[in-house]
Amino acid sequence: HVQLVESGGGSVQAGGSLRLSCAASGYTVNNRCMGWFRQAPGKEREGVALIDSDNNIKYADSVKGRFTISKDNAKNTLYLQMNSLKPEDTAMYYCAAAYFGCWGGTVFSQLSRSAYWGQGTQVTVS
């Protein structure tokens with residue numbers, strides 16, 4: 001039974017930082033495709049950051065230079081360090097772990113279609 005538990009969300013002022021965590025159980029994060037998505041009210045879910053099956057990292061253009069995705073294999077946890085937060089970063093953030101894997105140029109789409117999901121953690125930037 002796979003379980004992904006996100007934590008670390010909260011309310012911050014613009015320019016602030018948060019670190020999201022996604023603790024996995026029943027699933028080994030090492031060398032697996034995992035990522036972060038977000039969904040704001042009235043908007044579609046979008047990919048934010050991802051580590052693919054070859055450990056390549058991809059970011060949405062809107063977060064490049066501000067967000068950093070990483071894994072701690074010993075803790076079996078995925079992280080998202082978010083700096084220089086903006087009001088437009090306000091959303092529910094979800095952790096996703098691929099059923100199989102993801103490679104190439106369409107990794108966000110691949111992961112979005114075939115993944116285990118966490119329950120989400122709210123990030124509010126004012």
Side-chain angles (χ1 to χ4, degrees):
H1 174 66
V2 175
Q3 191 171 17
L4 303 174
V5 179
E6 298 104 331
S7 61
S11 297
V12 294
Q13 292 188 333
S17 297
L18 287 171
R19 188 176 81 154
L20 306 185
S21 299
C22 172
S25 58
Y27 186 96
T28 301
V29 304
N30 189 28
N31 292 326
R32 301 294 297 272
C33 173
M34 295 185 70
W36 292 94
F37 290 75
R38 67 186 180 187
Q39 188 166 21
K43 294 188 177 181
E44 291 188 355
R45 185 174 62 197
E46 64 173 348
V48 175
L50 177 149
I51 302 176
D52 74 11
S53 298
D54 292 327
N55 290 316
N56 297 307
I57 290 176
K58 186 168 183 177
Y59 295 102
D61 288 343
S62 59
V63 307
K64 282 180 182 176
R66 300 188 298 121
F67 290 11
T68 303
I69 189 172
S70 63
K71 290 179 184 175
D72 185 328
N73 294 329
K75 294 183 178 180
N76 212 38
T77 298
L78 179 74
Y79 298 100
L80 184 67
Q81 177 67 43
M82 305 187 295
N83 298 328
S84 303
L85 283 161
K86 303 176 181 180
E88 51 263 44
D89 295 318
T90 295
M92 186 71 79
Y93 283 70
Y94 298 92
C95 170
Y99 290 156
F100 305 111
C102 62
W103 299 267
T106 62
V107 287
F108 281 123
S109 177
Q110 293 173 42
L111 182 59
S112 179
R113 291 196 306 267
S114 181
Y116 301 100
W117 294 91
Q119 82 288 352
T121 185
Q122 177 69 37
V123 172
T124 302
V125 185
S126 59

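Nothing fancy with the numbering, it's 1 onward along the sequence.
Across all their heavy atoms, Ala98 and Tyr27 have their closest contact at O-OH, 2.8 Å. Here the shortest heavy-atom pairing between Ala96 and Ala115 reads CB-CB, 4.0 Å. Heavy atoms only, all atoms of each residue included: Asn76 and Val29 are closest at OD1-N, 2.9 Å. Contact record, Asn30 with Lys71: C-NZ, 4.5 Å, taken as the closest heavy-atom pair. Here the closest non-hydrogen pair linking Ser62 and Arg66 is O-NH2, 2.8 Å.
Each ring-ring contact (aromatic ring centres under 6.0 Å, His included) pair with one or both residues in residues 58-82, not counting sequence neighbours, would appear here, but there are none. Evaluation of the salt bridge (Lys or Arg N to Asp or Glu O under 4.0 Å) test over residues 20-42, restricted to residues two or more places apart or in two chains, returns Arg38-Glu46, Arg38-Asp89. Sorted by first and then second residue, the disulfide bond (SG atoms under 2.5 Å apart) pairs with a member in residues 79-126 read Cys22-Cys95, Cys33-Cys102; sequence neighbours excluded.
Of the inter-residue distances, the one linking Tyr99 atom OH with Leu111 atom CG reads 10.5 Å to the nearest 0.5 angstrom. Leu4 CG to Tyr116 OH: the interatomic distance, rounded to the nearest 0.5 Å, is 9.5 Å. Within the model, atoms OG of Ser70 and CG of Leu78 stand 7.0 Å from one another, a figure rounded to the nearest 0.5 Å. For the atom pair OG of Ser112 and CZ of Phe37, the computed distance is 5.0 Å after rounding to the nearest 0.5 Å.
Side chain of Asp54 to main chain of Asn56: no donor-acceptor pair is present (N/O by atom type, distance under 3.5 Å, no hydrogens or angles). Between the side chain of Thr90 and the main chain of Thr124, no donor-acceptor pair closer than 3.5 Å is present. One N or O on the side chain of Glu6 and one on the backbone of Gln119 form a donor-acceptor pair closer than 3.5 Å. No donor-acceptor pair closer than 3.5 Å links the side chain of Lys58 to the backbone N or O of Val107. Side-chain N or O atoms of Arg45 include none that pairs as donor or acceptor with a backbone N or O of Gln39 at under 3.5 Å. Gln110 places a side-chain N or O within 3.5 Å of a backbone atom of Trp103 that can act as its donor or acceptor partner. Without hydrogens or angle criteria, Asp72 side chain to Lys75 main chain gives a donor-acceptor distance under 3.5 Å. A donor-acceptor contact shorter than 3.5 Å is absent between the side chain of Gln13 and the backbone of Ser126.
The shortest side-chain heavy-atom distance between Val12 and Leu85 falls under the 4.5 Å cut-off. Side-chain atoms of Thr121 and Leu20, non-hydrogen and from C-beta on, do get closer than 4.5 Å to each other. With contacts defined as side-chain heavy-atom distances shorter than 4.5 Å, the pair Val48/Leu80 qualifies. Between Leu50 and Phe108, the closest side-chain pair of non-hydrogen atoms falls below 4.5 Å.
Between the side chains of Asn83 and Ser17, at least one donor N or O lies within less than 3.5 Å of an accepting N or O.
Both Trp36 and Ile57 are assigned to one and the same hydrophobic cluster, defined by single-linkage of ILVMFWY side chains at heavy-atom distances under 4.5 Å.
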- Task: Go through the steps to decide whether Met34 and Ile51 satisfy the test side chain to side chain contact (heavy atoms under 4.5 Å, CB included), and finish with yes or no.
- Result: CA-CA 6 Å; Met34 295 185 70; Ile51 302 176; 5.7 Å; no
